[in-house]
Every structure is written in C-alpha cells, then in structure tokens.
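This report refers to the structure that appears directly beneath it.
Note that this is a predicted model, so its numbers are computed, not measured.
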There are 2 protein chains.
Amino acid sequence: MSSLAEIARICGVSIGATSKALSGKAGVSETTRQRILSVAAQHHYRPNRLVHAIQKGRSMTIGLTCNDFRDDFSGRIVEGMLEVLYEAAYDTIVISWDLCVHEGEKVLRTFTERRVDGLLMFPPGDQPTPAYLQELRTFQRPIVVVDQTFAGVEEYAFVGSQDYEGGIAATEHLIELGHRRIANIFHRKISTGRARVEGFRHAMERHGLPVRETWMRDIQNYGSEEIYRHARELLTMEEAPTAIVCFNDWVAMDVLAATQDCGRRVPEDVSIVGFGDLRIASAVRPRLTTIAQDPIGIGRHAVRHLLTQLRAVNQQEEELRDTPPTPVSDRLPVRLVHRDSTRPAVRQSF
Amino acid sequence: MSSLAEIARICGVSIGATSKALSGKAGVSETTRQRILSVAAQHHYRPNRLVHAIQKGRSMTIGLTCNDFRDDFSGRIVEGMLEVLYEAAYDTIVISWDLCVHEGEKVLRTFTERRVDGLLMFPPGDQPTPAYLQELRTFQRPIVVVDQTFAGVEEYAFVGSQDYEGGIAATEHLIELGHRRIANIFHRKISTGRARVEGFRHAMERHGLPVRETWMRDIQNYGSEEIYRHARELLTMEEAPTAIVCFNDWVAMDVLAATQDCGRRVPEDVSIVGFGDLRIASAVRPRLTTIAQDPIGIGRHAVRHLLTQLRAVNQQEEELRDTPPTPVSDRLPVRLVHRDSTRPAVRQSF
DNA sequence: CTGAAAGCGCTTACAG
DNA sequence: CTGAAAGCGCTTACAG
C-alpha cells in the first residue's frame, strides 16, 4: 500500500501539500493538485482510516454483538441496521459473536480497545454476568439493546417489538374465532417470551377465560425435541385444547409437525398461531397465522437511536454531560396476519 | 477513555515506562509495575488497538462481504468463520453488506482504507462489475471467495460445496428409487446452480435416461412466485414427472406447497429432493430428502485458508513475493439425507 | 531501572 | 502557494 509520504516523494512536494490536495482542502495550486491526484490514482493510494480515527477520536465504526443468524429475523434486523449505518457513513461495522457467554466481557473489551463509537447489542443467550455488565459500563459510549432485554441493561436504550400486545392479539384472534380451550407453548427464559405469555394471560383474563396450567408449557431448553413433546402431550390429553399459541414460528412448525404426526389436522382439529412472520410462515402448508414483527424497522430504529446519541456526545464533547439522556424504549408495532392455520372452533364443549 | 499519558502522569513515571509495565515487557521495577497496573485498572485503561494496527502494519481484522442472512446456511458459515478467527486472535471482524451491487467497489475501498488484513467474500448477487474486480485487485491482500464463484475471481482461493457431486447424488437417489421421469428446477444464474444441474444432466446421461427439456425449469428471478408457477406447470402437465430435483430446500418448500395446493401428495404422487439440509428440511412434513452441506465446515475452512495466506504474507514481508500462491479450491463433501419426501416410483409408464 | 526521542501515517495550524 | 513542525496514542530502540 503506497503511503502519503511515497506519493509526496514521487510528486516532489511535501507531505502536507499532498494531504491537502487529496482531501480537497485549499492551499495548493490547481496544477500541483492535479499532478498529485493523478499520481495517487496511478498508485492506488488509499488513505489510512485508522489514522483518521486516532486523530479525530472517532473511529466511525460501531460494534455489534449477536448470538446467531439462524433465521431471517435477526438477519433482517441487521439488514435494517446496515442500511441506516451506511447512509450515515458508518459504512463499516465491527462485529462479534458471543461464542462463549462466559467470555462475553472479552468481546466488549475488544470493542472498547478498537474504539468503536457505539454498540448495538443483541443480548447474550443467558443473563449477563456481573463482569459483563461491568465491562459494559466501562464502555462509556452509546449503547442500544436490541430485541431482547435483560436485568442490568435497563439504563441503555432499547428497541424491540410489542411482544406483550402481540401476545394479546394472538390470543384474542383465537377467542374471536370461538376458541375457549387455548394452550400456550411459551419461553419464559427470555424477555420476549415473558411478554408474550403475559399478553396471553391478560387476554384470557379479560375475556373471562380460564387458563389451564396443564396447557401452559414453558420451554426449558429451547429445541425441537422438547417443543415437539409438549405438543404431543397437549394433543393427546383427554381434554385437549382446540388452539395453541406458540412462542414463535419455529415453535409453531414443531407443533404443526406433531399434529400431523398424530394424524390430526390443522386447522380442522387444532388452530395454531405463531409469532414473527418468518419466511417459513408463508412457505409452509397450511400457511401460518402469525404475529408479524418488523425486523428491518427494528434495525433501522436501533441505529437511528444510536446515531442520535452519538450526535449528542459529539456536540457536548468537552461540555458538561450532567444530563444523562433518559433511556428510550421503542417497541415497534406488530400485527396479526390471518392465514390458514387458524379457523373457528367447532365444538364449544368444556 | 484514559490514555497512557494520563496513567503515566498519575503514576509520576514516563509514558515509555508505563507502556512497558502494561504490556508485560522487561525494564521496569516490580514495584513500579504493580503501581502502574493498579492505577490502570482503577481508571479502566484500555489500550488503543488502532495505534497498534498502524504501528505493526496489521490491523488484526478481516473484512467480510455478504448478501444476506435470510436463512441458516450463510448464518452457519459465518459462525464457522468467527469461531476460527476468534481462536486466531482475529477476534473482531469488519463486516459490510453489499446493499447496492453497483456500489460494491465502495465497500471494498472501505476495507482497504480500514486496512483489513484479508477478505472473506460471499460474491455479490450479480456478476461483479469491472470496477469491482479492479478494486479487488487493488486490495492486494489475501482473499477467499466463499460458496459462490464468479467470472473474474478465479485467481483467489475458493471454498464451497461439492455442488456437482450433490447434483449427481440427488438424481441417482431418485433413479435408484425407480424414477425415470425426473424434472429439475434449477438456477443457472449462479455458480452453485449451474454445478448442481450439470450433475443432474450427467447422472441422467450416465443412466441412459432422457432429459426432457420441458421438465427443465431455470429460475430467472429467484422468488417463490416463479418457482411455485414452475411447480404447478410441471405437476399439471399431461406427462408429468414423478420426481423433482430442486435447486435448494426453499425451492423444495415451494414445490411442496404447490403439490399440496394441487391436491397431490408428497411422496405418494411426487418425490422431491432439496439441497442444503437447512433447518426447515427436518421441521416440515413430510421431512425433506435433501443434500446436506456443511456450512460450519465451509466457514472454518475458508478462514483457515485465509490464515495460511496471512502467515505466508507475514513471513515474506520484505522478501520477494515472486511465487504467487496457487489458488486453492476446496469443495467440502455433501451427503444425501434420505427422509420422507422421496419414495420408490410406483408406475414405470413412459 | 528510567526517561527522552524517533517513528507509525496522517492532519492541521503556523511560518515563510 | 509551500514546507517544517506539532500532535493523535502508542512502542521501541537508545541513552543515561
């Protein structure tokens, strides 16, 4: 990689003049500038942005922690993030996986050492350790928590979905279809799971419907096997539910599979509601009725929040930062998509 | 962020001494070192790695270009990449999306300017522009192309799957089951699509089976609608195929949907083979027979190649680089997973 | 053991 | 218009 010094030497001018010419600053004659420009182009000169970052105290990079990209949901969130970051000239992202939760703080340390200007954080799979939270505090730059939230990160901005409202919408949809015997396979371990099942309970209560605890299945170790087992148990109970609300579309897929494996039909025998409106929801038959989220919107919003905070930081700079910004909490709206996995309850026996 | 200078001032020693103490180098008394260490810890001192990068001429970052993370395939590739990079202390990745293909070269420029040490490249969706290829050449550091390949990138190392062999395996599986009327919904636009359909043609020919051109469907604009239409046409033809080989599992999902929508059954009426063994393949009913790839392995392998090249570059450094390394091309094995979407052909009429 | 100085690749006041 | 010099935050020979 040819350096500024090299270009300067070839052109027979000083480094300072070369710098001005290439960055479009005043103070060089037009002829000199053109000569420098052409030499630089010939030699494929590329300025070293690491130097800029050190000089300005801003790296124009942001850090991103995430768990996995196993479906289109997180993928689309990142898509929305990158789109807005790109426009804001934060065209590059420093990314990292928290491969090992117990080393989560190492990842954060790396971000700090690389001097990323801000952090977009999909929280780790398990509750963050004290060491992690401590390192988060050391970071001292804007942080936006995305999708899931955790104890210990309340002080940071959060962007996610209206999970609670979604839980209500899924449930009321079934109630409106005449279902009264509604089960729920939920996931209390994570914040979205808790919110969704709370929405469920709220809706049931509001409509005067009993919540049967044997129909309430909490996923302990998220995975197809356990979900499948819960579904089979629910379907083969003496008093089986006529509808099942699922934590998300993948859970709904497992329930659908279990139903078919039992020789039962969806929606004729059981109605199923998913959550997420993932790519799979409209690809499968019957198409899944589900609660659509807006992952691209979440990504965009998260970055906009971050950029706002970054601007605030840059403006204050040396000023007093006595007014800690109130943490924003944005939950993007969700909406029920009624497809083919739900239909009116037939018998209302109870 | 407290700087080295600040820590030095607080400790009343020189910056040089502070640097030595913190980096564990000899040349400081144990007492001084301890004092410096504790002050640094108190003030949450974090070395600025951007400075290291400039000094060493190595940023210990690598660039990653990709299109999307809409399913678990690319997600798992990245997972494998990050795992190996992490172990090699390339713990941070600079990532970028080629949001707009026509600006792909800008993305590469950014990588060059950020001085990433190497590049992992999922090629852009369309054939790279000359400007893109030119910028790739300017990069002048190790590059590994992943999953897809393109005209113009032959000089770089490549890591992907045995798509051709997979195409053969899918086809021979059906032939062994007694199918003779086999259709194929393929995707000639991209390299994996071409290889898979070539495998198909090869297998058919080897077994003396005719390839009916009306049963050969090339996806022009990859998307559910077109695929669904192809499937319906195939299924409702007077001389309909008894089996369909699909470009990948998502295509198989659309074909499955079309089959069910036509009132036909899989595998009773039609057998379907997918490609990829994505998460969806075993979640759907009937479970998809498919060609399993090894995305995690691809990711790991790609990074290992990159690391090997990086080591070579570092050793040579100022030496003559007259022996350009022969580009490696690694295609990880695939394997047929026989599940429930294929079964012996019933009638052998033709 | 300790400090002053040069240097990484640049930018930006400041002299000439 | 042009160059020499200081500085960003460090590391590393080199004197003392």
Side-chain angles (χ1 to χ4, degrees), chain A residues 1-37 39-40 43-61 109-110 112-117 140 314 317-318, chain B residues 1-37 39-40 43-61 109-110 112-117 140 314 317-318:
Chain A
M1 189 83 334
S2 51
S3 63
L4 235 211
E6 238 172 288
I7 304 297
R9 192 179 45 72
I10 294 168
C11 294
V13 290
S14 73
I15 292 177
T18 312
S19 171
K20 279 175 215 157
L22 290 172
S23 56
K25 296 261 159 64
V28 218
S29 72
E30 198 47 33
T31 19
T32 315
R33 170 174 314 234
Q34 288 308 330
R35 188 156 42 92
I36 294 172
L37 246 36
V39 169
H43 291 255
H44 303 296
Y45 171 73
R46 296 287 177 271
N48 188 332
R49 290 232 224 151
L50 302 174
V51 174
H52 291 221
I54 293 174
Q55 292 180 151
K56 312 281 185 196
R58 295 206 282 149
S59 64
M60 293 306 281
T61 58
R109 230 185 154 97
T110 300
T112 308
E113 295 182 357
R114 296 238 180 241
R115 300 293 191 264
V116 300
D117 297 324
Q140 288 180 324
N314 291 335
E317 278 300 51
E318 299 302 304
Chain B
M1 189 85 329
S2 52
S3 64
L4 237 210
E6 239 173 287
I7 305 296
R9 192 178 46 70
I10 294 168
C11 294
V13 289
S14 73
I15 292 178
T18 313
S19 172
K20 281 175 216 158
L22 290 173
S23 56
K25 296 260 158 65
V28 219
S29 72
E30 198 46 34
T31 19
T32 315
R33 168 173 317 232
Q34 288 308 329
R35 186 155 43 91
I36 293 172
L37 246 37
V39 169
H43 291 255
H44 303 296
Y45 171 73
R46 295 288 177 270
N48 188 333
R49 290 233 224 151
L50 301 175
V51 173
H52 291 222
I54 292 174
Q55 291 179 153
K56 312 280 185 195
R58 296 206 283 149
S59 64
M60 293 305 282
T61 57
R109 228 187 155 97
T110 300
T112 308
E113 296 182 356
R114 296 237 181 239
R115 299 294 190 266
V116 300
D117 296 324
Q140 289 178 323
N314 291 335
E317 278 298 54
E318 297 304 303

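- B/Leu50 has its CG atom 21 Å from the P atom of D/dG7, to the nearest Å.
- Between atom CD1 of residue B/Ile54 and atom CZ of residue A/Arg49 there is a gap of 13.5 Å, rounded to the nearest 0.5 Å.
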**Request:** Would you write the dot-bracket representation of DNA chain C, where each base gets (, ), [, ], | or . depending on whether it forms a Watson-Crick or G-U pair under 3.5 Å and with which partner?
**Result:** |||.||||||||.|||
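- For the P atoms, the distance linking D/dA4 with C/dG7 amounts to 15 Å, nearest Å.
- The side chain of A/Thr32 contributes no N or O atom lying less than 4.0 Å from OP1 or OP2 of D/dC1.
- Taking the side chain of A/Val28 as heavy atoms from C-beta on, and the options D/dT2, C/dG3, C/dT2, the nearest nucleotide is D/dT2.
- Closest of all the heavy-atom pairs between A/Ala53 and A/Ser59 is CB-CA, 3.5 Å.
- B/Arg9 places its CZ atom 15 Å from the C1' atom of D/dG9, with the value rounded to the nearest Å.
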**Complete:** Quick tally for nucleotides 10-16 of chain C: nucleotides whose base has a protein heavy atom under 4.0 Å get B, sugar-phosphate-only ones S, the rest -, giving BBB----
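- The closest donor-acceptor contact from the side chain of A/Thr18 to the backbone of A/Leu4 lies at 3.5 Å or more, if one exists at all.
- For the pair B/Arg58 CZ and C/dC8 P, the interatomic distance rounds to 18 Å; values are reported in whole Å.
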**Request:** Show the numbers, then the answer: is there a side chain to side chain contact (heavy atoms under 4.5 Å, CB included) between A/Thr112 and B/His44?
**Result:** CA-CA 10 Å; A/Thr112 308; B/His44 303 296; over 6 Å; no
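- Taking atom CD1 of B/Ile36 as the reference point, atom C1' of C/dT2 lies 10 Å away to the nearest angstrom.
- For B/Gln34, the side chain to side chain contact (heavy atoms under 4.5 Å, CB included) partners two or more places apart in sequence, or in a different chain, are B/Glu30, B/Leu37.
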**Request:** Before giving the answer on side chain to side chain contact (heavy atoms under 4.5 Å, CB included), spell out for A/Thr61 and A/Arg114 the whole-Å C-alpha distance, their side-chain angles and the decisive distance to 0.1 Å.
**Result:** CA-CA 9 Å; A/Thr61 58; A/Arg114 296 238 180 241; over 6 Å; no
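- Within the 4.5 Å cutoff, the side chain of B/Arg33 has no heavy atoms near those of the B/Lys20 side chain.
- With B/Arg58 contributing its side chain and B/Asp117 its backbone, the two residues share no donor-acceptor pair below 3.5 Å.
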